[in-house]
Structure formats: structure tokens, C-alpha cells
Amino acid sequence: MDFAQIILSPFVWLLTFFYNFFGSYGIALILFAVVVKLILFPFALKGKRSMIQMNMLQGKMQKLQKQYGRDRERYNLEVQKLYEREKYNPAGGCLPMLITFLVLFGLIDVIYNPMRHILGMSNEVIAQATEILKGLGIAFSQYSPQTAIISSVQANPEAYSAMGADFINAVQSFNLNFLGINLGETPSFGLNVLMLIPILSGVTAFAVSWISMKINPAAMEGPGAGTMKVMMFVSPLMSLYIAFQVPAGVGMYWILSNLFMMAQTLILNKFYNPREMAE
């Protein structure tokens with residue numbers, strides 16, 4: 001088992017467990033998002049504290065820069081002393097961030113590839129089904145053709161007769177419907193319910209950035225404030241655009257993740273309020 005599989009295994013097991021228990025991909029995604037956020041919460045807590053400490057030290061570090069800027073050796077020494085006095089570890093926020101990225105890597109792969117991870121199908125079988133999908137002239141997202149295959153098989157099983165009855169039965173039994181929405185379809189512009197998913201994805205992404213800015217205004221006044229303000233608008237637009245390129249199930253997960261991120265940000269603010277820590 002390679003390193004990627006080691007990372008993926010717990011997420012595959014978790015999402016598969018929820019799907020097998022409830023028989024609904026939508027419910028499985030919701031519970032999956034909740035559990036992942038709970039697992040990551042302690043790391044987010046540590047990362048939040050480290051970020052606030054760094055913001056609080058910016059002013060003191062700028063004074064040291066003015067005082068010892070020309071003497072790099074003395075400057076670095078004084079910065080180390082400052083870290084020791086304030087009990088700040090500059091690497092303290094790196095581990096939580098690294099773990100979060102590893103989790104996201106595994107999480108996205110599991111959501112993008114339900115045929116491989118939940119139905120347990122081989123890459124060869126999926127590749128064969130993908131060729132049939134292309135032959136039918138059905139447009140699908142390059143990010144996740146597997147949900148498009150599932151929708152196609154369920155709508156037109158005869159086209160996949162060459163794959164065998166076991167394949168067709170397994171795919172047909174996979175429940176992608178949630179609240180009347182087919183999570184395997186890719187949203188498109190127009191008056192349809194699916195279009196709400198990219199819109200909500202962008203709106204919730206903006207809300208996360210806005211809440212973070214309101215809770216920690218000091219972070220918007222430092223050297224990188226301009227970049228952060230730009231990203232507050234660019235990130236939601238990117239989320240909106242990409243959500244039109246991927247299956248609705250992926251976009252729904254992003255919406256859930258953003259909602260949980262808002263709740264997490266508010267909870268973290270109770271533990272580590274920037275103003276209270278500064279006082």
C-alpha cells in the first residue's frame with residue numbers, strides 16, 4: 001500500500017460506511033463533512049492560536065526591523081528572543097496546515113471517485129465505462145467522470161451492456177438523488193435547481209472570508225492586507241466557476257464545508273479572541 005492509499009483509506013472507509021448505512025450519497029456527504037470537520041477541529045484550534053500570535057507580534061517585529069534591520073544577525077537573534085518571551089513557535093501553525101492539506105487531498109479524491117472507492121471497481125473497469133460514455137457523446141467533467149458514468153448507466157443501461165450485468169446492477173443501485181437533485185449531474189446556466197449549488201458555493205465561500213475579516217480585523221491591516229482583501233472576492237468567484245465544472249455532489253460538499261467552516265470560525269473565536277488575547 002503506497003502513501004496515497006494510506007491517506008485515503010480512513011476516508012474511503014468512513015464515506016462507504018455512511019453510504020452503506022443510509023443508502024444515500026447526499027446523507028453520506030453531510031455526515032462525512034461533519035466528522036471530518038470534527039477531526040480537524042483540534043488542528044484548526046492550534047493553527048488559529050498560532051495565527052493570532054503571529055499577528056500580535058507583527059508590530060514588535062517591525063520595530064526590531066527598524067532598529068536592527070542592517071544587522072541581520074542581531075535582528076534574527078532579537079526575533080528569537082521575542083519568540084521565547086512570547087512563547088511563540090513559528091512552526092506551530094505548519095503542522096496543522098500540513099495535516100489539513102493531507103486530509104483535503106484524501107477527501108477530494110474520495111468524493112470525486114465514488115465508483116472506485118465506494119463501489120470498489122477497478123481502474124480498468126472505470127476506463128472501459130468512460131470510453132462508452134465518450135462514445136455516447138455525453139459531456140462530462142474531466143475532474144470526475146465517475147458520477148457522470150453513474151448517471152448515464154442509470155438513464156441508459158442498455159448502452160453499457162458490454163460491461164456485464166453485475167456492473168450495471170451495482171451502478172444502478174447507487175443512489176445519487178438527494179432532495180430531488182441528481183448529485184451526479186454537472187450544473188449548467190439556466191433556470192434549474194442545480195444552478196443553485198454553484199451560487200451557494202460562491203456565496204458561502206464569501207461569507208467565510210467576510211466573517212474571518214470581521215472577527216480578526218487586525219489581520220487585514222498588515223503587509224499582506226491587500227492580498228487578503230483581493231482573495232476575499234477572488235476565492236468565491238473561483239468557487240462559483242469551478243462548481244459549474246464538477247458534479248453537483250462536489251459542489252454540495254463545498255457548501256457544507258463552508259457552512260461548517262463558518263461555525264468553526266465563530267467557535268474558535270470563543271476560544272481565541274484576537275482582542276482578548278491582545279489585552
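Computed from a prediction, not measured in an experiment: that's the story for all the values here.
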Quick check for you: to the nearest 0.5 Å, what is the distance between [X] atom [atom1] and [Y] atom [atom2]?
| X | Y | atom1 | atom2 | answer |
| --- | --- | --- | --- | --- |
| Met262 | Leu266 | CE | CG | 9.0 Å |
| Gln154 | Ser173 | CD | OG | 8.0 Å |
| Asn113 | Ile118 | CG | CD1 | 10.0 Å |
| Leu194 | Asn182 | CG | CG | 7.5 Å |
| Tyr160 | Ile132 | OH | CD1 | 6.5 Å |

Grab the two heavy atoms, one from [X] and one from [Y], that are nearest each other, plus how far apart they are.
| X | Y | answer |
| --- | --- | --- |
| Leu136 | Ser152 | CD1-OG, 3.7 Å |
| Ile168 | Pro157 | CD1-O, 3.6 Å |
| Ile30 | Phe260 | O-CE1, 4.3 Å |
| Ala243 | Trp254 | N-CZ3, 3.9 Å |
| Val171 | Ile150 | CG1-CA, 3.6 Å |
| Met121 | Val125 | SD-CG1, 4.3 Å |

Report yes if the side chains of [X] and [Y] come closer than 4.5 Å at any heavy-atom pair, otherwise no.
| X | Y | value |
| --- | --- | --- |
| Phe21 | Leu31 | no |
| Leu256 | Phe32 | no |
| His117 | Leu15 | no |
| Leu237 | Tyr241 | no |
| Met115 | Phe174 | no |
| Gln146 | Leu119 | no |

Original post:
Can you get from Leu77 to Tyr75 by hopping between Ile, Leu, Val, Met, Phe, Trp and Tyr side chains that sit under 4.5 Å apart?
Top reply: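 Not linked; separate clusters.
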Subject >> Polar side-chain atom of Ser151 near backbone of Ala148 as donor-acceptor pair, under 3.5 Å >> reply: no
Review item, side-chain donor-acceptor pairs of residues 195-206, under 3.5 Å, at least two apart:
{"residue": "Ser201", "atom": "OG", "partner": "Ser239", "partner atom": "OG", "Å": "2.6"}
{"residue": "Thr204", "atom": "OG1", "partner": "Leu200", "partner atom": "O", "Å": "2.7"}
{"residue": "Thr204", "atom": "OG1", "partner": "Ser201", "partner atom": "O", "Å": "3.1"}
{"residue": "Thr204", "atom": "OG1", "partner": "Asn258", "partner atom": "ND2", "Å": "2.9"}

**OP:** Determine the interplanar angle of the Phe22 and Phe18 rings, folded into 0 to 90°, and report it as parallel if under 30°, tilted if 30 to 60°, perpendicular if over 60°.
**Re:**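 Tilted.
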Original post:
Tyr25 vs Tyr19 aromatic rings, parallel, tilted or perpendicular, using cut-offs 30° and 60°?
Top reply: perpendicular
